[in-house]
Amino acid sequence: MRRILAIGLTSALLALGVVWLLFKRKEPPMVSVEETLLVRQTQELGRLIAAAEQKSLFDFGAILVVVDQGLVQDLLRKVMPLEGDVGGGFHVRVDSAETSFADGLAVVRLDGQASVAGKTASADVSVYGAIDVVELDATSGVMKCRVSVSGVDAAHADVLGVHQPVRRLTEALTEGGLALLLGSIEVPVRIEHRVSIPAVESHRLRIESVDLPLQVAVEDVKALGGKLWVSVKTAIGPSPAPEQRRP
Amino acid sequence: MTRSSRSWLAAGLFAVGFAGCRPAPGPEVEAARLASLRKIYDDLHGRLEKAVAQDPLAQRVFADRGQVVVAIRSGLIEELAGTVAQRYLDRVSLDLTAVEASHEGAIHKDTFLGRMKVGEWAVDIDIAELRISLAAVQPKVSLRADDRIEIELPVDVKESEGRIGIHFSWNSKSLANLVCKDFDLTRDLRGRVLPQRHVLSGALRIGSGGDSFTLTPVFPDRKIPLKVDLTPSSWQTVEAALRTQDTADRCGTLMKPENLIARLRELAAKGVKVGIPESVFRVVRLPAHLEQAVKIGDRTVNLTVKSEGLTVLPQLLWTSASAHVRERAPSAP
């Protein structure tokens, strides 16, 4: 009987241990924003230095677009305040923005307040994001940047009155909340997907229009020296079949 | 408790202790880790700064006061210019109706009074109905430092046939004027343009039209000597007409129709000067543009983006733009 009890107790403890292990895996200790950014910057710096050693740091495709961090900051500040529900029951209002494009990372910092639905208290928060995707709009060709969440700093988040508020707010912003709040950031450069010349149709002269398709795509993005360096590869696409050409 | 059960119990307690009782890294450990990271970061940052300081392109960007810089490889501009020119001028149809040309000459004869001009002839060609087709061939292009792309564009003219009016006149001179009558001949003939190739030489001037970059064709000499000929039956018609004047009182003998026919053939082979209309040469907009409004999410912000000029560098077209953020545009209702 005692043997059965001992085995039962052991098994229960084991099961408890396994459950706790799994629980711990789901919620690793929060890494500070500073550490997250430092880790990423050292990784990016390593990549940039490797490129510099191969003399390809500033190799670019057919077109290079360089955008100053000050311009992106001015654009962001012009749309302040940003306010909205970001998921997870959180409501965020952003009042100011700062940008820092250096050492391989284009950091966007958004400062404001977060609150929880149904509660009056709010906490000052700083959302750190990085421009991770730069692309050309498939239709207009306008260059646009998407920001992903790197971390959230909140000095007195406990006033929000929810369990693990920073972790939950970070998750909410990462899982679409920041996209809802901010969306993509366009920069004032457009690379068109075609070169066109209209037709000439007069009594004396007839020339068909030309619609030369271009294959354009962002191939590399670097952030350094306060600027975002975007390399765009461009190739002339195949000529459309005669029946597909515009009249 | 048996040995076996004790072992199980010990293992279970160890597992729980390992999983739950592992101490979380303290502030000292975290600070040490951060310090180590910062040291690595500082070292890498210094190495990158050195590399950037040695790069001429980076230094040029940093020296530029524009908030937006756009640099385009000369290879792309040359490829675009060449391809657009070739494709655009690949199927051009040009009506030559009303194109005119004229030639004149004189005939001299040795007489007992010495060598005398016995008459002057003139031929006026008037194209009554003739359309030609042009097809461009791959051009030679090269970007020059003076904001121009030199271009040599070979153009093939395809063979075509149409109506050509010829007016021939004879004006007797000196003593021949006393005995010979002047005459005029006008004939409506079938003519043809021979297959031929011409090279149009000019340049594309690179410019900045505010928001966009343009290539403006500059072709000062747009005339080509178009080689034309008459159909064999039309030549026979001309010769027959001239022979009708080959009588004593009309001085056809002095004129010698066969010589004139040979002369006219020479002139046709030299070609009729035809001007390519200016409207053939169109301004081409390069695919990179500056925008005066952007969207941040669903909000529109107006800017004043102004190109500060273009510079042609070795292998590169360079432009920088100042950008001033003006105001947030009102939201759509």
Side-chain angles (χ1 to χ4, degrees), chain A residues 2-3 6-7 9-10 13-14 16-17 20-21 24 29 35 38-39 41-42 45-46 48-49 52 57-58 62-68 70-71 74-76 78-79 103 142 182-183 185-192 195 197 200 203-208 210 212 214 224-225 227 234 236 239, chain B residues 1-2 5 8-9 12-13 15-16 19-20 24 34 37-38 40-41 44-45 47-48 51-52 55 57-58 61-62 67-73 76 79-80 83-84 87-88 91-95 277 279-280 282 284-285 287-291 294-299 301 303 305 323 325 328:
Chain A
R2 287 173 62 190
R3 186 166 180 253
I7 291 171
L9 181 64
T10 308
L13 284 169
L14 262 176
L16 194 65
W20 199 4
L21 251 180
K24 291 288 283 183
E35 186 173 344
L38 267 175
V39 168
Q41 273 176 323
T42 48
L45 278 169
L48 295 175
I49 288 165
L57 182 57
F58 293 103
I63 300 174
L64 173 69
V65 177
V66 185
V67 182
D68 194 86
L71 174 60
D74 288 349
L75 288 169
L76 287 171
K78 202 48 99 175
V79 296
D103 301 321
V142 171
L182 179 64
I185 305 167
E186 289 185 354
V187 294
V189 175
R190 180 162 49 96
I191 313 287
E192 286 185 330
V195 173
I197 309 181
V200 177
H203 172 71
R204 193 173 175 212
L205 183 65
R206 280 204 303 264
I207 308 178
E208 289 184 22
V210 160
L212 190 68
L214 300 176
L224 60 100
K227 293 172 189 298
T234 307
I236 294 173
S239 187
Chain B
M1 190 180 283
T2 62
S5 61
W8 275 98
L9 185 60
L13 288 170
V16 171
L34 269 176
L37 261 175
R38 281 195 204 103
I40 296 168
Y41 166 80
L44 293 172
H45 176 80
R47 286 170 62 189
L48 181 66
V52 170
D55 190 282
L57 177 75
V61 169
F62 291 133
Q67 287 179 291
V68 178
V69 166
V70 178
I72 307 175
R73 295 258 185 227
L76 173 66
E79 191 184 5
L80 276 178
T83 309
V84 168
R87 293 203 188 164
Y88 184 61
R91 283 178 287 176
V92 176
S93 174
L94 179 62
D95 188 357
S279 50
V280 166
R282 308 289 293 272
V284 178
R285 284 180 11 138
H289 306 264
L290 298 170
E291 294 288 283
V294 294
K295 290 194 115 182
I296 310 294
D298 56 358
R299 305 160 194 85
V301 178
L303 306 96
V305 185
V325 176
R328 180 176 161 180

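Residue numbers start from 1 in every chain, and the chains themselves are labelled A, B, ... in the order their sequence lines are given, proteins ahead of strands. Predicted model only: the values in this text are computed from it and were never measured. For the numbers below, each heavy atom of this structure counts, side chains included, while hydrogens, waters and symmetry mates do not.
Among all heavy-atom pairs drawn from B:Val52 and B:Phe62, the shortest one is CG1-CE1, 3.4 Å. Annotation for A:Leu71 and B:Gln67: closest pair N-NE2, 3.8 Å, computed over non-hydrogen atoms.
Of the listed residues (B:Pro277, B:Ala58, B:Ala51, B:Ala323), the one with the most heavy-atom contacts under 4.5 Å to chain A is B:Ala58. Among B:Ser93, B:Ala288, B:Gly297, the residue making the largest number of heavy-atom pairs under 4.5 Å with chain A is B:Ser93. Ranked by heavy-atom pairs shorter than 4.5 Å toward chain B, the options A:Val67, A:Val187, A:Val79, A:Asp68 are led by A:Val79. For the options A:Ile197, A:Val65, A:Ile185, heavy-atom pairs under 4.5 Å to chain B are most numerous at A:Ile197. Among A:Thr234, A:Leu76, A:Leu224, A:Leu75, the residue making the largest number of heavy-atom pairs under 4.5 Å with chain B is A:Leu75. Among the candidates A:Ile191, A:Asp103, A:Val189, the residue making the largest number of heavy-atom pairs closer than 4.5 Å to chain B is A:Asp103. Chain A forms more heavy-atom pairs under 4.5 Å with one residue of B:Val84, B:Asp55, B:Ile40 than with any other, namely B:Asp55. Between chain A and the residues B:Leu57, B:Val61, B:Leu80, the most heavy-atom pairs under 4.5 angstrom are made by B:Val61.
Using a 4.5 Å cut-off between heavy atoms, B:Val284 touches chain A through its side chain atoms alone. Proximity to chain A (any heavy atom under 4.5 Å) is shown, for B:Arg285, by both the backbone and the side chain. With a 4.5 angstrom heavy-atom cutoff, A:Leu214 touches chain B only via side-chain atoms. Only the side chain of B:Leu303 comes within contact range of chain A, with at least one heavy atom under 4.5 Å from a heavy atom of that chain. Interface residue B:Val305: only side-chain heavy atoms are found under 4.5 Å from chain A. If you measure heavy-atom distances from A:Leu57 to chain B, the contacts under 4.5 Å come from the side chain alone. If you measure heavy-atom distances from B:Val301 to chain A, the contacts under 4.5 Å come from the side chain alone.
Under the 3.5 Å distance criterion, the side-chain polar atoms of A:Thr42 are matched with a main-chain donor or acceptor of A:Val39.
No side-chain heavy atom of B:Val92 sits less than 4.5 Å from a side-chain heavy atom of A:Arg206.
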